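No experiment lies behind these values; they were computed from the predicted model shown. We name chains A, B, ... by the order of the sequence lines, and we start the count at 1 in each one.
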2 protein chains.
Amino acid sequence: MPTIEDVAKLAGLSPATISRVINNHPYVSQEKKDIVAKAMKELGYVPNSNAQRLRRQKTETIAVLIQRIANPFFSQLVESMDIIADRNNYKLLICQTNNDKEKELKYLNLLKTKQIDAVIFASIENEWSIVEGFLKYGPIIFCNDFAETAPVPIVCLDQYKGSYIGTKHLIDRGYKRLSYCGGSKATCLSRDRRAGFMAAVKEAGLNVSDQWLFKDALTIDDGKQILREIASMDNRPDAIFTGSDEVAAGLITEAKRHGITVPNDLGVLGFDDQPIAELVEPGITTIHQPVRKIGIKAMDVMIDILVSKKKLEHQFIQLPFHLVVRESTR
Amino acid sequence: MPTIEDVAKLAGLSPATISRVINNHPYVSQEKKDIVAKAMKELGYVPNSNAQRLRRQKTETIAVLIQRIANPFFSQLVESMDIIADRNNYKLLICQTNNDKEKELKYLNLLKTKQIDAVIFASIENEWSIVEGFLKYGPIIFCNDFAETAPVPIVCLDQYKGSYIGTKHLIDRGYKRLSYCGGSKATCLSRDRRAGFMAAVKEAGLNVSDQWLFKDALTIDDGKQILREIASMDNRPDAIFTGSDEVAAGLITEAKRHGITVPNDLGVLGFDDQPIAELVEPGITTIHQPVRKIGIKAMDVMIDILVSKKKLEHQFIQLPFHLVVRESTR
DNA sequence: GATGGTACTGCAATCGTTTTCATAACTTAT
DNA sequence: ATAAGTTATGAAAACGATTGCAGTACCATC
């Protein structure tokens with residue numbers, strides 16, 4: 001591979017001038033620019049990025065931390081982020097933590113070792129107190145899930161309101177014995193979502209049996225499993241709030257096998273409004289999250305921080321939800 | 001950030017020795033190893049990856065070229081690849097070409113600029129004759145879609161056989177007027193798939209109207225659109241072979257609106273066996289692709305090439321298909 | 001006691017850029 | 001005619017690691 005030195009020799013100039021041409025520095029005569037361009041072309045020269053990175057102390061790469069890329073919520077989020085990143089000549093490094101704290105730390109270390117310029121958390125495993133220390137190596141922001149006390153921008157949805165609206169819908173439709181499926185851990189996201197549910201329930205003066213509260217519900221199979229548990233109860237709920245359309249789809253599919261009809265015997269509320277929501281039968285009533293918008297917004301914020309070297313500051317950027325009514329609620 | 005120089009000073013040794021400790025070179029006394037370890041810890045030293053990359057001419061990063069990450073086939077593929085890559089301390093750079101030749105070339109250029117060590121094509125846009133030139137900058141392999149003449153390993157499925165089996169199934173169930181939805185371009189994958197379909201059709205002595213051949217069918221919406229076209233035909237097909245479960249799901253959903261019953265009025269065959277296939281109603285009869293296995297195998301092959309510095313050679317590694325019968329075919 | 005091998009360490013060159021500083025030519029203002 | 005810009009270029013010092021070569025010390029062998 002030819003180096004800048006080779007180009008310099010062929011062009012009869014110094015490496016410094018070549019570099020100036022590459023980085024279109026002012027103060028290079030048109031004449032030399034042409035000579036250099038010709039020499040570069042002749043040799044098929046391309047600058048070595050690692051040398052540039054070492055010298056410039058920048059990688060033009062942003063890491064996005066997610067649980068798993070095969071989760072459609074994350075894959076859509078990442079897709080939209082990538083579009084914005086690419087447009088600004090940044091590369092995206094997708095980091096799957098798989099709910100593993102150690103892996104998350106391993107990825108955060110890329111910031112220390114200068115392999116990435118910044119980190120976007122779309123899901124978080126470790127406590128903020130642990131992550132905090134990495135702030136001095138580069139900007140960190142949150143998107144979707146977050147750590148509340150972090151002094152950084154947080155692009156998210158008003159989860160409390162979202163689940164409040166959804167729960168309210170169930171109540172308005174006359175369901176009285178509400179069940180709840182929550183996400184994996186004690187994250188801010190699941191906490192807010194649960195609080196919204198509880199607020200609506202309390203407001204309506206309903207009782208929720210502890211038996212009806214499920215945790216760690218994430219996948220289609222989790223949904224099926226939960227339905228089986230419900231089917232075996234003496235005292236069944238008449239509606240269920242789920243944390244994702246996948247869980248809702250699993251519930252609905254399994255309900256058919258157990259002769260439980262949706263929405264009459266059991267109302268089902270999804271979350272996200274994934275494509276799947278309108279394909280299953282009955283279609284899933286769900287809370288629409290503007291996934292792509294979140295991704296775009298978060299990346300916009302990050303790019304802005306990187307190019308204008310803004311200081312990070314605590315800031316909530318909330319995007320709106322809305323309810324999509326289909327047939328899984330009566 | 002402390003450098004190797006700082007560690008050397010604190011430890012009272014030369015940078016060379018520190019480097020040897022980092023790379024656990026033989027011939028470093030245990031005594032010095034301990035001193036160095038202590039000094040590194042005290043300073044919170046981590047080697048700068050860009051300096052290492054420049055010096056070693058390696059990045060420990062592999063690019064995977066796909067169309068879009070939000071396509072569940074690709075997101076599953078990437079997820080399994082990432083697991084293997086991570087296990088071998090390689091990072092994965094996910095490159096979405098979005099069916100854009102220029103973008104693909106832009107990503108290939110990362111090989112030239114030394115930002116990646118190798119490329120795995122999971123979908124390909126440009127002609128092999130164009131891609132070929134990049135081989136001298138690093139290993140390239142194919143997985144899923146491929147260029148037949150490329151002198152490199154190709155991890156794929158016997159698409160011809162897969163679609164032959166599927167089409168045969170439709171014929172065995174008594175469908176006689178078969179329709180076909182193909183992928184986007186003139187890739188080897190779509191060519192083989194179509195050939196398999198045609199072979200089965202010809203073997204059964206059936207006729208296929210040109211009207212029944214659809215192209216560029218990839219998404220749920222494409223499926224819906226195709227159904228609408230079919231609904232408006234005087235001479236409707238009685239079964240349809242699709243290139244993906246998404247298209248099949250779109251067809252099925254839209255069929256309900258048009259009063260066309262699946263599987264009786266129209267048999268529908270999917271491809272991939274995505275989770276969605278068992279959620280829609282009726283469940284989709286489909287060709288199961290071992291997506292994760294393909295990802296794992298392809299990454300195994302690539303890692304092997306990188307660590308044992310094997311020469312690339314033309315090689316087909318084919319994984320098996322099987323048919324999953326559900327309710328969308330009678 | 002000369003020779004050769006092994007274990008350990010450091011010097012300095014190298015990877016391929018960018019950028020500061022110095023220099024010089026040419027304008028323009030005084 | 002001199003001072004003070006402006007434009008254009010190159011030499012050389014970074015950036016932060018790795019590694020070939022050389023040197024020293026120690027031990028074993030003939």
Side-chain angles (χ1 to χ4, degrees), chain A residues 1-37 39-40 43-61 89 109-117 137-138, chain B residues 1-37 39-40 43-61 89 109-117 137-138:
Chain A
M1 273 266 79
T3 70
I4 206 170
E5 185 83 40
D6 301 326
V7 179
K9 265 181 202 143
L10 181 60
L13 293 165
S14 76
T17 303
I18 314 299
S19 174
R20 290 198 184 96
V21 173
I22 294 169
N23 299 286
N24 46 50
H25 185 91
Y27 303 163
V28 182
S29 67
Q30 189 57 48
E31 183 204 355
K32 313 278 163 163
K33 274 185 194 164
D34 295 342
I35 298 179
V36 171
M40 293 207 295
L43 293 173
Y45 168 80
V46 254
N48 178 311
S49 301
N50 297 314
Q52 293 183 314
R53 289 180 176 197
L54 174 60
R55 186 55 230 227
R56 303 207 262 234
Q57 304 280 39
K58 266 191 218 139
T59 64
E60 247 101 63
T61 303
N89 279 313
N109 257 304
L110 298 178
L111 213 45
K112 257 199 195 174
T113 57
K114 299 271 184 336
Q115 302 190 58
I116 53 176
D117 292 343
Y137 306 116
Chain B
M1 274 267 77
T3 70
I4 205 169
E5 185 82 41
D6 300 327
V7 179
K9 264 181 201 141
L10 181 60
L13 293 165
S14 76
T17 303
I18 314 299
S19 173
R20 292 198 182 96
V21 173
I22 295 169
N23 299 285
N24 47 50
H25 186 90
Y27 303 163
V28 182
S29 66
Q30 190 56 48
E31 184 204 354
K32 313 279 162 161
K33 274 186 194 164
D34 294 341
I35 299 179
V36 172
M40 293 207 296
L43 293 173
Y45 168 81
V46 254
N48 179 310
S49 301
N50 297 315
Q52 293 184 314
R53 289 178 176 199
L54 174 58
R55 186 55 231 229
R56 304 208 261 234
Q57 302 281 38
K58 270 195 217 135
T59 63
E60 245 102 65
T61 303
N89 280 312
N109 258 303
L110 299 178
L111 212 46
K112 256 197 196 176
T113 58
K114 299 271 182 338
Q115 301 190 59
I116 52 175
D117 292 343
Y137 306 117

Sugar-phosphate only, base, or nothing, as touched by R56(A) at under 4.0 Å among non-hydrogen atoms: sugar-phosphate
Whole-Å gap separating C1' (dG10(D)) and NZ (K9(A)): 15 Å
side-chain N/O Q57(A) vs dT18(C) OP1/OP2, d < 4.0 Å: no
Quiz item: R55(A) side-chain donor-acceptor pair to dA14(D) base, under 3.5 Å: yes
Side-chain (N50(A)) to main-chain (K114(B)) donor-acceptor, under 3.5 angstrom: yes
E5(A) and T3(A) side chains, donor-acceptor separation under 3.5 Å: no
Atom-to-atom span, CE of M40(A) to P of dT17(C) - whole angstrom: 11 Å
Atom pair distance, as rounded to whole Å: CD1 in I4(A) and P in dT19(C): 11 Å
Working for side chain to side chain contact (heavy atoms under 4.5 Å, CB included), residues M40(A) and I22(A): CA-CA 10 Å; M40(A) 293 207 295; I22(A) 294 169; 4.2 Å; yes
Which nucleotide in dA17(D), dC15(D), dG10(C) has an atom nearest any side-chain atom of A51(B): dA17(D)
Side-chain donor/acceptor of S49(A) to backbone N/O of T113(B), under 3.5 Å: yes
Distance test, side-chain N/O of Q52(A) to OP1/OP2 of dT18(C), below 4.0 Å: yes
For atom CG of D6(A) and atom C1' of dT17(C), their distance in whole Å: 13 Å
Residue met sooner reading DNA chain D from 5', once S14(A) and T3(B) are mapped to nucleotides: S14(A)
Terminal axis angle for the helix from dG1(C)-dC30(D) to dT30(C)-dA1(D), five pairs an end, nearest 10 degrees: 50°
Of the listed nucleotides dC15(C), dT9(D), dT17(C), the one nearest the side chain of L13(A): dT9(D)
Residue K58(A) excluded, over 12 heavy atoms near NZ under 6.0 Å: no
Heavy-atom pair with the smallest gap, counting every atom of K112(A) and V46(B): CD-CG2, 3.6 Å
Protein-nucleotide distance (I35(A), atom CD1; dA8(D), atom P), rounded to Å: 13 Å
Rounded distance [0.5 Å steps], OG in S19(B) versus CG in L13(B): 12.5 Å
Residues in contact with DNA chain D, drawn from residues 16-32 of chain B - heavy-atom cutoff 4.0 Å: A16(B), S19(B), R20(B), N23(B)
Test log, rule side chain to side chain contact (heavy atoms under 4.5 Å, CB included), inputs L43(A) and K9(A): CA-CA 11 Å; L43(A) 293 173; K9(A) 265 181 202 143; over 6 Å; no
Atom pair distance, as rounded to whole Å: CG in L54(A) and P in dA17(D): 9 Å
Touch class at under 4.0 angstrom, heavy-atom based, for V46(A) against every strand present: sugar-phosphate
Heavy-atom side-chain contact between R55(A) and L54(B) under 4.5 Å: no
Atom-pair distance (CG on N50(B); C1' on dC15(D)), nearest Å: 10 Å
Interatomic distance where NZ belongs to K33(B) and P belongs to dA7(C) [whole Å]: 12 Å
Verdict with reasoning, R20(B) to K32(B), per side chain to side chain contact (heavy atoms under 4.5 Å, CB included): CA-CA 10 Å; R20(B) 292 198 182 96; K32(B) 313 279 162 161; over 6 Å; no
